[in-house]
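Here's the structure we're looking at; comments come further down.
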Amino acid sequence: MGLPQNDKMHPDYDLWEKEDKVPKPGEHPAVRTKEEEALFKKALGSMELIYSMSNTPVIVLAMDDEVVAGTEYFSRGWCFFEFSLAFSFDNITNAYISPPVWWMYERAAELEVDTVEGFKKGFDKTHFTNKGDEDTVLNLFKQTLNKKVRAASLGAGEQA
């Protein structure tokens, strides 16, 4: 599964980002079309569902040995968010068989990313490609964790 991305391999893309002049959707072949942008935004608004449903196994493919230093999986905002939610809902299926994923799993446990406070500690060390994503991600995490707490409370009330 994936969302349409801008072509950051385009020779002009780095310059556009540095000058904060990335073309708007549909204005250049290296950026999403208007239709793709609408789908992208709609999907982002529900991204937490993929990682927080208890019956959805999450396989983490960090591939840190194939990226530029400083852009590793756990240092990227959206990736950290996704990992933290999957960790919080106990959905990560390959932590015990993948040493890089196990390292992240242990780090997530140390930070207590299954709490808002712990998530914020780790989240403060991440970075985003797009400005403004920080607030979106933090709010999605809080909302999703609150749903988990409410569901657990409802379940406990039904058992009593």
Side-chain angles (χ1 to χ4, degrees), residues 1-9 13 17 31-33 35-160:
M1 188 170 108
L3 298 175
Q5 300 294 315
N6 290 328
D7 179 6
K8 295 185 179 180
M9 300 303 288
Y13 205 90
E17 280 192 324
V31 296
R32 290 183 283 269
T33 65
E35 295 80 13
E36 289 172 334
E37 184 69 14
L39 288 171
F40 185 84
K41 287 183 176 183
K42 184 176 181 179
L44 285 185
S46 301
M47 188 61 69
E48 79 283 3
L49 296 175
I50 298 169
Y51 305 96
S52 64
M53 298 183 109
S54 62
N55 59 351
T56 305
V58 174
I59 299 170
V60 178
L61 302 174
M63 299 171 55
D64 285 348
D65 56 340
E66 297 181 29
V67 298
V68 176
T71 63
E72 293 86 358
Y73 187 90
F74 216 59
S75 70
R76 296 168 53 207
W78 278 104
C79 294
F80 183 80
F81 164 74
E82 295 160 359
F83 190 95
S84 296
L85 278 181
F87 176 88
S88 298
F89 286 81
D90 198 29
N91 290 340
I92 299 171
T93 60
N94 62 325
Y96 299 108
I97 60 172
S98 170
V101 178
W102 180 248
W103 177 86
M104 288 185 283
Y105 193 90
E106 286 183 318
R107 183 73 180 122
E110 288 170 19
L111 289 169
E112 297 178 337
V113 300
D114 54 343
T115 67
V116 173
E117 298 78 24
F119 177 78
K120 283 182 181 178
K121 277 191 286 187
F123 186 66
D124 286 343
K125 295 175 178 63
T126 66
H127 63 275
F128 289 85
T129 303
N130 296 317
K131 296 173 184 153
D133 282 355
E134 294 94 344
D135 292 338
T136 300
V137 168
L138 187 54
N139 288 332
L140 278 174
F141 186 83
K142 287 178 184 177
Q143 291 170 8
T144 307
L145 214 54
N146 285 337
K147 289 177 189 174
K148 178 182 178 184
V149 170
R150 283 195 307 270
S153 297
L154 288 173
E158 290 172 1
Q159 294 174 2

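Just so it is clear, the model here is predicted, and its values are computed rather than measured. Numbers for residues simply follow the sequence, beginning at 1.
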Indicate yes or no: at least one non-hydrogen side-chain atom of Asp7 is less than 4.5 angstrom from one of Tyr13. no
Which heavy-atom pair separates Leu145 from Val116 by the least distance, and what is that distance? CD2-N, 3.7 Å
Tightest non-hydrogen contact, residues Phe123 and Glu134, listed as CZ-O, 3.5 Å
If I take atom CZ from residue Phe81 and atom OG1 from residue Thr144, how far apart are they, to the nearest 0.5 angstrom? 5.5 Å
Drop me the distance from Phe128's CZ to Cys79's SG, to the nearest 0.5 angstrom. 9.5 Å
Backbone N/O of Gly70 and side chain of Glu72: donor-acceptor pair under 3.5 Å: yes
How many angstroms lie between CG in Leu138 and CG in Asp124, if you round to the nearest 0.5 Å? 8.5 Å
Nearest heavy-atom pair of Phe40 and Leu3: which atoms, and what distance? CD1-CB, 3.6 Å
Leu140 side, atom CG; Asp135 side, atom CG - distance, nearest 0.5 Å: 11.0 Å
Point-to-point distance, once rounded to the nearest 0.5 Å, from CZ of Arg107 to CE of Met104: 12.5 Å
Taking all atoms of both residues into account, what is the closest heavy-atom pair of Gln5 and Arg32, and its distance? CA-NH1, 3.7 Å
Gly122 to Leu111 - nearest heavy-atom pair and separation: CA-CD1, 3.8 Å
Rounded to the nearest 0.5 Å, what separates atom CG in Asp114 from atom CG in Leu85? 10.5 Å
Ring geometry between Tyr73 and Phe83 (parallel below 30°, tilted from 30 to 60°, perpendicular above 60°): perpendicular
Between Lys120 and Glu117, does any side-chain N to carboxylate O distance fall below 4.0 Å? no
Determine, stepwise, if the pair Ser98 / Val60 fulfils side-chain contact (heavy atoms from CB on, under 4.5 Å). CA-CA 9 Å; Ser98 170; Val60 178; over 6 Å; no
In short, Val137 meets Gly77 closest at the heavy-atom pair CG1-O, 4.4 Å
Is it the case that the side chain of Thr126 and the backbone of Arg76 share a donor-acceptor pair, with hydrogens and angles ignored and the cut-off at 3.5 Å? no
Does NZ belonging to Lys41 count more than 12 external heavy atoms closer than 6.0 Å? no
Phe119-Phe80 aromatic ring centre distance below 6.0 Å: yes
Steps toward side chain to side chain donor-acceptor pair (under 3.5 Å) verdict (Trp78, Glu82): CA-CA 6 Å; Trp78 278 104; Glu82 295 160 359; over 6 Å; no
